[in-house]
Amino acid sequence: MSDQTTETPNTEQSESQDLHRLELQRRANRDDIAALGLLPYGQRTDDLINLEQAHSAYDQAADQANKDANQARKQAKRDNPEITESDLPELVDDRPRVKVAGRVVLARDNGKLVWLNLRDHSRDAFQIAVSKRDCDEQGFGLAKKLDLGDIVIAEGPLTMTNTGEVTCWADTLVPASKCLVPPPEKHAGLTDTEMRYRQRYLDMWVNPETTRVFMLRGELMKALRSNLDRLGFVEVDTPVLQTQAGGAAARPFFTHMNALDIPLSLRIAPELYLKRLLVGGMPRVFEVSRNFRNEGLDKSHNPEFTSLELYQAFGNYETMREIAEGLVREMAQTASHATGSSVDSMPFGDLNINYEAPFERVTYKELFKNALGFEFDDLDRAREEATKRGFKTKSEDGTPIADIFVVNELFEEVAEATIDPSKPTFVLDYPAALSPLTRPKADTMNDTIPLAERWDLFIGGMEIGPAYTELNDPDIQEAKFREQLAGVDDEESTFRNFDEDFINALKVGMPPAGGLGLGIDRLVMLLSNSRTIRDVLPFPMMRPRAD
RNA sequence: AGGAGCGUAGCUCAAUCGGUAGAGCAUCGGCCUUUUAAGCCGCAGGUUCAGGGUUCGAGUCCCUGCGCUCCUACCA
């Protein structure tokens with residue numbers, strides 16, 4: 001339109017003034033690329049191979065033969081500058097050709113020869129040479145206009161440079177996408193943790209290790225599902241939106257359903273629904289469950305997190321121990337292949353964890369005695385020891401805290417710390433009072449502290465998950481629920497409730513069963529040597545930006 | 001929730017006792033056909049997180065707010 005010049009739209013002008021100068025330069029480069037007749041944002045491209053595949057496709061003999069033939073032709077021309085094309089030695093080029101795409105992470109412009117380092121999920125750097133002589137004109141023009149962070153597609157034969165680097169000597173180069181945002185510093189990278197989590201997409205290509213962890217996580221989930229499939233477990237999906245959040249003691253998130261005008265909670269655990277499926281007759285079920293708990297954030301807690309829960313009819317907590325050990329070991333083997341470490345010595349911080357040896361087993365009772373020096377049911381000693389160590393033995397209002405909580409406080413603070421963090425360890429037979437969904441051990445019912453058929457698995461100083469012989473007697477279950485509810489204060493009672501339908505399900509009859517829960521995020525932390533849960537979650541919870 | 005620390009150029013970081021806000025990389029202009037964090041020459045780039053206070057003078061000291069990090073607490 002010719003009358004465009006009459007008036008510059010004010011809005012457009014002020015918008016472009018608001019953009020950072022570095023972005024404006026990149027937008028100008030994008031226009032220049034379009035002016036070359038290229039599509040700055042690319043299009044469907046078939047037959048791409050990844051950068052690792054391209055790198056390993058190099059054929060040294062073919063490359064050498066090509067170099068020798070070129071040398072011979074040069075020599076022939078030197079010997080006889082008048083030589084005709086047909087008299088020149090034959091061209092030899094059996095070099096494998098590759099067609100690859102990647103993000104430009106480094107560029108070295110030597111004038112008529114531009115070197116690019118591309119990155120993709122498979123390889124941190126793969127070199128492309130774009131020469132004025134050998135690349136098509138548009139491609140060479142593109143190479144001169146690229147910004148760090150752009151995505152390009154290159155095609156050409158593989159050769160080796162004088163300095164020994166396998167390189168795609170491009171004869172075509174086309175754009176695939178434009179990076180309008182100035183990327184982080186090219187060797188220090190992006191270290192600002194806040195920006196890494198908020199702009200994960202940027203973190204992922206700048207710091208390839210981030211992407212590797214997420215890819216490993218996917219591999220581990222595949223290994224998990226394959227393992228459970230072989231054991232005959234069926235994957236199911238139970239409600240995330242629940243009228244009452246049960247199966248654990250945690251503060252839920254609340255929401256509201258308009259159609260039925262009812263309050264709903266996001267699940268804190270899938271347990272009570274999975275057991276209903278056992279009642280219905282499914283023999284072995286599992287769910288990879290996203291759970292939501294309205295509690296604090298720290299390096300091993302995110303408000304939404306992933307657990308594996310599985311239930312096996314006619315199993316018990318011993319069955320679950322065998323399954324858990326096999327599953328964790330197999331996932332560790334998967335991780336060891338991916339990371340190149342050895343299953344008997346997987347690094348986690350300063351530790352080297354052995355997943356190959358049979359996991360340790362110790363009872364709650366033994367661990368307590370070894371750590372504290374007296375029996376866990378010596379309640380007087382326990383209270384005395386707790387006082388000595390400055391643990392709370394009375395609640396705010398002055399009433400004494402129940403014996404079992406005093407004992408367990410000692411266990412968690414003193415005994416758990418004595419577990420060797422480099423040896424996966426099952427702690428067996430917990431006090432029944434701490435496990436309301438677990439079948440009590442019949443022969444301990446008259447002891448000072450009755451026990452339940454429950455274990456907890458500890459690895460690397462973290463609690464990875466519990467398993468039970470499930471309580472399937474509706475009367476005992478109901479009594480335990482009522483006992484739990486009696487002990488809660490007013491605040492807690494707003495979200496603790498009695499799941500009558502679950503009791504009804506047990507009345508219909510649930511087969512004896514074993515059940516298992518594993519913290520998937522923590523397991524991925526261990527197997528990817530990640531220090532915090534945020535490093536195994538692509539988008540961890542962050543406070544929204546104030547502006 | 002409590003304690004400690006941090007916030008400076010697009011990024012990574014400096015700035016002595018409170019005294020002219022700097023460097024490297026990236027960007028921009030010039031040169032370069034075997035570079036590897038390419039190199040050489042030149043230019044430009046700042047509301048020092050926001051707001052207030054003390055002071056002749058504040059990136060620096062004080063207060064408030066925002067955000068992040070670490071520790072502790074909470075978390076079956």
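Lettering follows sequence order; numbering is per chain, from 1. Values below: every heavy atom of this structure, side chains too, minus hydrogens, waters and symmetry copies.
- Residue Lys145(A) is the one, among Lys132(A) and Lys145(A), whose nearest nucleotide of RNA chain B lies closer to the 5' end (criterion: closest heavy atom).
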Query raised in the report: Checking ring pair (Phe, Tyr, Trp, His ring centres under 6.0 Å) for the pair Phe411(A)/Phe376(A): CA distance, chi angles, key distance, verdict?
Result: CA-CA 9 Å; Phe411(A) 180 83; Phe376(A) 77 119; 9.0 Å; no
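- Separation of the P atoms belonging to C28(B) and G45(B) is 16 Å when rounded to the nearest angstrom.
- As rounded to whole Å, 10 Å separates atom C1' of C25(B) from atom CG of Leu148(A).
- Distance Arg198(A) CZ to G67(B) P: 9 Å, rounded to the nearest Å.
- When rounded to the nearest whole Å, the span between CZ of Arg27(A) and C1' of G10(B) equals 15 Å.
- Taking atom C1' on both A26(B) and C68(B), the two are 25 Å apart, rounded to the nearest angstrom.
- Because its NZ or CZ atom is not both nearer than 6.0 Å to the ring centre of Phe126(A) and within 45° of the ring axis, Arg123(A) does not count as a cation-pi partner of that residue.
- Straight-line distance from the CD atom of Gln199(A) to the P atom of C68(B): 14 Å, rounded to whole Å.
- Following rounding to the nearest Å, Asp109(A) (CG) and G39(B) (C1') show an atom-to-atom distance of 12 Å.
- Contacts of Asn29(A) with the nucleic acid, taken as non-hydrogen atoms under 4.0 Å apart, involve only primed sugar atoms and P, OP1 or OP2.
- The glycosidic torsion of C17(B) lies within 90° of 0, which places this base in the syn conformation.
- Nucleotides C25(B) and A44(B) have their C1' atoms positioned 15 Å apart, rounded to a whole Å.
- For the C1' atom pair drawn from A9(B) and G18(B), the interatomic distance equals 24 Å after rounding to whole Å.
- With both pairing distances under 3.5 Å, G42(B) is matched to C28(B) as a Watson-Crick or G-U wobble pair.
- Remark: the separation of the P atoms in U35(B) and C43(B) is 29 Å, to the nearest Å.
- At a cut-off of 3.5 angstrom, the base of U12(B) holds no donor-acceptor pair with the side chain of Thr191(A).
- Glu412(A) and Asn408(A) share a donor-acceptor pair across their side chains, judged by distance under 3.5 Å alone.
- Under 4.0 Å is where a charged nitrogen must lie from a carboxylate oxygen, and between Arg26(A) and Glu23(A) no such pair does.
- Of the candidate nucleotides C70(B), U35(B), C28(B), U35(B) has the atom nearest to the side chain of Glu165(A).
- Contacts between residues 111-119 of chain A and RNA chain B, defined by a heavy-atom separation below 4.0 Å, involve Gly111(A), Lys112(A), Leu113(A), Trp115(A), listed by number.
- The side chain of Arg133(A) lies closest to U33(B) when the candidates are U33(B), U35(B), U12(B).
- The CG atom of Leu36(A) sits 11.5 Å away from atom CG of Asp31(A), with the distance rounded to the nearest 0.5 Å.
- Set against G67(B), C11(B), U34(B), the side chain of Pro184(A) has C11(B) as its closest nucleotide.
- Residue Arg108(A) places no side-chain N or O under 4.0 Å from the OP1 or OP2 atom of C32(B).
- At a cut-off of 3.5 Å, with distance as the only test, a side-chain donor of Arg267(A) or Ser289(A) sits close to an acceptor on the other residue.
- Arg534(A) comes within 4.0 angstrom of sugar-phosphate atoms only, judged by non-hydrogen atoms across all strands, and of no base.
- For the pair Leu106(A) and Asp134(A), nearest-nucleotide mapping onto RNA chain B gives the more 5' position to Asp134(A).
- Taking every side-chain heavy atom of Asn110(A) into account, U35(B) is the closest of C28(B), U35(B), C70(B).
- Note on Lys441(A) versus Asp429(A): salt bridge recorded, some NZ/NE/NH1/NH2 to OD/OE distance being below 4.0 Å.
- Nucleotide C68(B) forms a Watson-Crick or G-U wobble pair with G5(B), both donor-acceptor distances falling under 3.5 Å.
- With sequence neighbours excluded, the residues forming a side-chain hydrogen bond (donor to acceptor under 3.5 Å, both in side chains) with Glu478(A) are Arg482(A), listed by chain and number.
- Side-chain N/O atoms of Arg26(A) include none lying less than 4.0 angstrom from OP1 or OP2 on G10(B).
- Cation-pi geometry between Arg454(A) and Tyr430(A) is met: under 6.0 angstrom from the ring centre, within 45 degrees of the axis.
- Side-chain N/O atoms of Asn316(A) and Thr469(A) include no donor and acceptor closer than 3.5 Å.
- No salt bridge links Arg198(A) with Asp203(A); every basic N to acidic carboxylate O contact stays at or beyond 4.0 Å.
- With U12(B), A26(B), U35(B) as the choices, the nucleotide that has an atom nearest any side-chain atom of Thr161(A) turns out to be U35(B).
- Here the nucleotide nearest the side chain of Gln127(A), chosen from C68(B), C11(B), U35(B), is U35(B).
- Taking only side-chain atoms of Leu190(A), from C-beta outward, the nucleotide of C25(B), U12(B), G67(B) with the closest atom is U12(B).
- A salt bridge is absent between Asp298(A) and Arg534(A); no separation between the charged side-chain nitrogens and carboxylate oxygens falls under 4.0 Å.
- We find that CG of Asp192(A) is positioned 9 Å from P of U69(B), with the value rounded to whole Å.
- Residue Glu23(A) contributes atom CD, which lies 14 Å from atom P of C28(B) at whole-angstrom precision.
- The Leu22(A) side chain lies nearest to A26(B) when the options are C11(B), C28(B), A26(B).
- Here U60(B) sits opposite no nucleotide as a Watson-Crick or G-U wobble pair (both hydrogen-bonding atom distances under 3.5 Å).
- C41(B) sits 29 Å from U8(B) when the C1' atoms are compared, rounded to a whole Å.
- Between Arg21(A) and G45(B) there is no side-chain N or O to OP1 or OP2 distance below 4.0 Å.
- Of the residues Leu51(A), Val100(A), Asn117(A), the one that meets the side-chain contact (heavy atoms from CB on, under 4.5 Å) test with Ile128(A) is Val100(A).
- When Watson-Crick and G-U wobble pairs are counted only if both distances are under 3.5 Å, U33(B) pairs with no nucleotide at all.
- Look at CZ on Arg543(A): it is 5 Å from P on G67(B), rounded to the nearest Å.
- A50(B) and G7(B) have their C1' atoms separated by 11 Å, given to the nearest Å.
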**Report entry** Per-nucleotide protein contact string for nucleotides 71-76 of chain B, where B marks a base within reach and S marks sugar-phosphate only (heavy atoms under 4.0 Å, - for neither)
**Finding:** S--BBB
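- Rounded to whole Å, the P atom of A58(B) lies 11 Å from the corresponding atom of G19(B).
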